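The sequence lines fix the lettering, A, B, ..., with proteins before strands; numbering per chain opens at 1. Worth saying up front: this structure is predicted, and the values here are computed from it rather than measured.
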Amino acid sequence: MLFSKMFIPTMKEVPKEAEVVSHKLMLRAGFIRRLASGIYTWLPLGLRSLRKVEKIIREEMDKKGAQEILMPLVQPKELWVESTRWEKYGKELLRFVDRNNRDICLAPTHEEVVTDLVRREVRSYKELPLILYQIQTKFRDEIRPRFGVMRGREFTMKDAYSFDMDESGAEASYLNMYDAYMNIFKRCGFSFRAVEADTGQIGGSFSHEFMVLADTGEDIIISCSNCGYAANLERAEIGFVERETSRKKGAFKRVETPGKKKIDDVAQFLGVAPDKLVKTLIYNTDQGVLGVLVKGDREVNETKLRNLMGLEYMELADEETIEKVTGGPLGFSGPIGLKIPLVADMDILFMEDFVAGGNERDVHVVEVNVEDFAVKGFYDLKTAQPGDLCPRCRDKHTATKGIEVGHIFKLGLKYSKAMNATFLDNGGKEQYMVMGCYGIGVSRTVAAAIEQGHDENGMVLPIAIAPFEVDVLPVNTSHAESMELANQVYKALLDKGIDVILDDRDERTGVKFKDCDLIGIPVRVTIGERNLKDGYVEIKLRREKESERVKKEDVIERIIAHVEELKRV
RNA sequence: CGGGGCGUGGCGCAGCAUGGCUAGCGCGCUUGCUUUGGGAGCAAGAAGUCGCUGGUUCAAAUCCAGUCGCCCCGACCA
């Protein structure tokens, strides 16, 4: 490809709309342009990177026996009603009507359509297992699209769905996909981790998120460097060490705490640390009002609570409800004398002489102990943070930021039951198919590569994702000898199957260098009069600071060696 | 949905408070000459319904109202 012929609108200045580095660089490097909030056009350079990611995905999925299909973006309401998601999905599901007033939507995901397809076509256990996938546009009407292509409304996703005859088959499919994902992200050149994610009602360790490690990531990963445990913040479990406590009973005392509602205010007023307090949160749930106790300086993890209690719906109670069930106003709730069911975080079990609300205006109680009230049990209910203990080895947790690029999930019978996707087993008996689903944010993967690889001059992309592998850069296009060699090198590399661009533009050298750096091309070959005089050209790797001088006869060989080396990583 | 900010040639901005000449600046773009190893120099150009609609006024980028778009922050922890 000739640089002069390619549509690469680079920018020196950053459009004000961009906040994060990947977004800024994608705009500056001419990868994408915004059409509307969260909706982007991919330009030739960006599309090349996107296609490279797609290619890796296709190869690895195919290797595992998954088969590519392509499903519609526009879908009828009926299927979504069947799965009950027409009601449940919320506003992210963009709905509208066609000319005949039929309700339709833009697909945010494809469980419904793929399940419909398979239930119609697959009848026998002999046709299972089956893994289908597609790389396709999704539309999710996000509350707040941001960070360019990282959280867009319209985006490219690879989604795969597995259908098995039984649990063990489904597990095998899951592991198969897990393996494929590991290979995909390795080939993309990422530094990443597979972390345990929330599995909701299904439970078990059958959901993993694939996180690209980057300081600018939106997600927090809790991990243990000792045993390798890793989970997202939502799920991360916390280990505990048993400890003797005094178990006093009835020693608590009322204290006046006028107007002190917040943990910090109460702590300050009483002259104690916030971790000597216990806060009592009142929730409205589908199982009635529920009280949750957690140490003053920690936060309830609602996902853990929901999973523990099997809650469908939960939300913090309003002031009115609080007054009704506790007898005191918001800010003064405590466990003593409460009539509603209570669950407590494990921390509470090991606390002694703590402070809690008095269920009365302007009153707290001090020197409270667990013997003073009744709870249904002590559980891991708080959100993990660094320094907490690993559930497996009791070493300390650390926190890292990451960008979620992939998510695999065992669905079980959720959709097959709702939509009646069945097959006949070898005994002639009708059974539900056991499903799994597996997603990769393809456009986000490109952005993640930039978040992970950049410097002050622009992108520093892994060779697997960079739009080109090599940039051949003649310093002066009017110098015949330079141009001749440049063309020669360019053609030779093309012949070797290397993805190369020749910067044949009649621009100043600085401009060409800046552009080359900006778009993150891993290998640059500079051909200039100065070096050529002695029979040399210069090779520079994007990620290295220094360049090397190479005899012009050896240049092809050196470049190929570099490309292969970079591909190995 | 709540709060904040922004909207002026392709990009980044100034001008607006206190309305008034031909709406400026930098980058980019076009042409010519010079230049050619890290975003060049000189010269000459092209390009803007000041987001849109309505209002106030002799006069609106500037004041008022409405509207659209974009960005940021937040969305309940007692």
Side-chain angles (χ1 to χ4, degrees), chain A residues 9-20 23-24 27-28 30 33-39 90-91 142-148 151 257 259-267 274 277-284 291-302 305 314-319 321-323 325-326 328-335 345 355-359 361-362 364 381-383 456-458 473-479 482-483 503 505-518 524-533 536-538 540 547 549:
Chain A
T10 60
M11 289 187 283
K12 230 198 256 193
E13 277 161 308
V14 196
K16 212 52 212 160
E17 68 190 56
E19 197 67 20
V20 298
H23 189 193
K24 288 179 181 171
L27 290 168
R28 283 191 56 207
R33 287 293 181 266
R34 196 196 72 232
L35 177 65
S37 178
I39 300 178
K91 287 188 181 159
E142 293 279 347
I143 293 185
R144 182 145 87 89
R146 63 185 121 175
F147 307 148
R151 181 175 296 283
T257 49
K260 308 298 179 195
K261 296 183 178 182
K262 300 228 171 229
I263 287 290
D264 287 342
D265 295 344
V266 177
L277 274 66
V278 166
K279 58 185 175 190
T280 306
L281 274 46
I282 312 295
Y283 282 91
N284 271 319
V292 182
L293 305 180
V294 65
K295 201 156 74 161
D297 60 341
R298 300 304 296 263
E299 287 175 7
V300 169
N301 182 324
E302 294 190 354
L305 184 60
M314 59 176 295
E315 151 176 88
L316 280 165
D318 52 276
E319 299 200 25
T321 310
I322 291 170
E323 296 229 27
V325 300
T326 72
L330 178 133
F332 297 95
S333 304
D345 181 71
V355 179
N359 295 323
R361 180 175 298 281
D362 297 341
H364 278 76
L381 286 177
K382 64 178 192 273
T383 299
E456 63 284 356
N457 293 317
L473 194 157
V475 169
N476 184 351
T477 47
S478 50
H479 183 242
S482 299
M483 279 313 286
D503 196 345
R505 293 175 301 166
D506 182 21
E507 283 285 355
R508 306 203 104 228
T509 323
V511 173
K512 299 207 245 189
F513 282 159
K514 290 286 181 190
D515 276 344
C516 183
D517 285 348
L518 179 61
R524 187 182 79 201
V525 188
T526 311
I527 298 173
E529 226 173 318
R530 212 171 64 190
N531 279 324
L532 207 52
K533 205 167 64 218
Y536 284 91
V537 299
E538 178 191 287
K540 183 175 173 303
S547 57
R549 256 162 57 105

Please report the distance, rounded to the nearest Å, between CD1 in A:Ile143 and C1' in B:C76. 14 Å

Hey, does A:Glu529 reach any base, or is it just sugar-phosphate, or nothing, if we go heavy atoms under 4.0 Å? nothing

Paired to B:U30 by Watson-Crick or G-U wobble criteria (both distances under 3.5 Å) is B:A44

Charged N to carboxylate O below 4.0 Å: is that the case for A:Glu19 and A:Arg146? no

Polar pair under 3.5 Å, donor/acceptor by atom type, side chain A:Arg28, base B:G39: yes

Output the rounded distance in Å from CZ (A:Arg298) to P (B:C77). 17 Å

Check this for me: does any side-chain nitrogen of one of A:Asp264 and A:Lys262 sit under 4.0 Å from a carboxylate oxygen of the other? no

Side-chain donor/acceptor of A:Asp517 to base of B:G38, under 3.5 Å: yes

With heavy atoms under 4.0 Å as the rule, sort A:Glu302 into base, sugar-phosphate or nothing. base

Base, sugar-phosphate, or nothing for A:Lys512, non-hydrogen atoms under 4.0 angstrom? nothing

B:C72 phosphate, OP1 or OP2: any side-chain N/O from A:Arg144 under 4.0 angstrom? yes

B:G37, B:C72, B:G39: which one has an atom nearest the side-chain heavy atoms of A:Val511? B:G39

What does A:Lys261 touch in the nucleic acid at a heavy-atom separation under 4.0 angstrom: a base, only the sugar-phosphate, or nothing? sugar-phosphate

Rounding to a whole Å, what distance do you find between A:Asn531:CG and B:U36:C1'? 15 Å

Does B:C21 have a Watson-Crick or wobble mate here (both distances under 3.5 Å), and if so which one? none

Atom P, compared across B:G51 and B:G12: separation rounded to whole Å: 14 Å

Pick the C1' atom in B:C64 and in B:U56, then give their distance to the nearest Å. 7 Å

From B:A75, B:G37, B:U36, nucleotide with atom closest to A:Thr526 side chain: B:G37

Can you tell me the distance, in whole Å, between the CD atom of A:Glu507 and the C1' atom of B:U30? 14 Å

Could you check whether atom CD of A:Glu17 has more than 12 heavy atoms from other residues, nucleotides or ligands sitting under 6.0 Å from it? yes

Side-chain N or O of A:Ser37 versus OP1/OP2 of B:C71: is the shortest distance under 4.0 Å? yes

CG of A:Leu518 versus P of B:G39: gap in Å, rounded? 15 Å

Looking only at heavy atoms, what is the nearest atom pair of A:His364 and A:Gly357, with distance? CD2-CA, 3.6 Å

Just call it for A:Val294: base, sugar-phosphate, or nothing, with non-hydrogen atoms closer than 4.0 Å on any strand. nothing

For the CZ atom on A:Arg361, are there more than 12 heavy atoms of other groups (residues, nucleotides or ligands in this structure) within a distance under 6.0 Å? no

Charged N-O contact under 4.0 Å between A:Asp362 and A:Lys260: no

Could you check which nucleotide pairs with B:G69 in any of the strands shown, counting Watson-Crick or G-U wobble with both distances under 3.5 Å? B:C6

Taken to the nearest whole Å, NZ/A:Lys16 to C1'/B:G69 is 18 Å

Identify whether any heavy atom of A:Thr477 sits under 4.0 Å from a base atom; if not, whether one sits that close to sugar-phosphate; answer base, sugar-phosphate or nothing. nothing

Could you check which of B:G39, B:G38, B:C77 has an atom nearest any side-chain atom of A:Asp515? B:G39

Of A:Glu13 and A:Ser333, whose closest RNA chain B nucleotide lies nearer the 5' terminus? A:Glu13

Which part of the nucleic acid, if any, lies within contact of A:Ala317, taking any heavy atom under 4.0 Å across all strands shown: a base, the sugar-phosphate backbone alone, or nothing? base

Within the 4.0 Å heavy-atom criterion, would you say A:Lys262 contacts the bases, only the backbone, or no part of the nucleic acid? sugar-phosphate

Need to verify one output field. Residue with the more 5' nearest nucleotide on RNA chain B, A:Phe513 or A:His23? A:Phe513

Across every strand shown, the nucleotide meeting Watson-Crick or G-U wobble geometry with B:C1 (both distances under 3.5 Å) is B:G74

Could you state the NZ-P distance from A:Lys24 to B:C11, rounded to the nearest angstrom? 17 Å

Of the options B:C77, B:C71, B:U36, whose atoms approach the side-chain atoms of A:Arg34 most closely? B:C71

For B:C72 and A:Arg146 - does any side-chain N or O of the residue sit under 4.0 Å from the phosphate oxygens OP1/OP2? no

salt_bridge(A:Glu299, A:Lys382) N-O dist < 4.0 Å: no

When all nucleic acid strands are considered with a 4.0 Å heavy-atom cut-off, which category describes A:Arg524: base, sugar-phosphate, or nothing? base

Between B:G7 and B:C50, how far apart are the two C1' atoms, rounded to whole Å? 10 Å

Using the C1' atom as the reference point in each nucleotide, state the distance between B:U35 and B:U49 in Å, no decimals. 41 Å

Nearest-angstrom distance, P atom, B:G26 to B:A14: 15 Å

Between B:C16 and B:A23, how many Å separate the two C1' atoms, rounded to a whole number? 12 Å

Find the distance A:Met11:CE to B:G12:P and express it as a whole number of Å. 8 Å

Quick check: closest heavy atoms across A:Ile527 and A:Ser482, and the distance to 0.1 Å? CG2-O, 3.8 Å

Does B:A59 have a Watson-Crick or wobble mate here (both distances under 3.5 Å), and if so which one? none

If we take the C1' atom in both B:C33 and B:G15, what is their distance in whole Å? 36 Å

Between B:C70, B:G39, B:C1, which one does the side chain of A:Ala36 approach most closely? B:C70

After noting the C-alpha distance and the side-chain angles of A:Val325 and A:Ile282, does the key distance pass the side chain to side chain contact (heavy atoms under 4.5 Å, CB included) rule? CA-CA 9 Å; A:Val325 300; A:Ile282 312 295; 4.1 Å; yes

In whole Å, what separates the P atom of B:G32 from that of B:G10? 24 Å

Paired nucleotide for B:G54 [Watson-Crick or G-U wobble; both distances under 3.5 Å]: B:C64

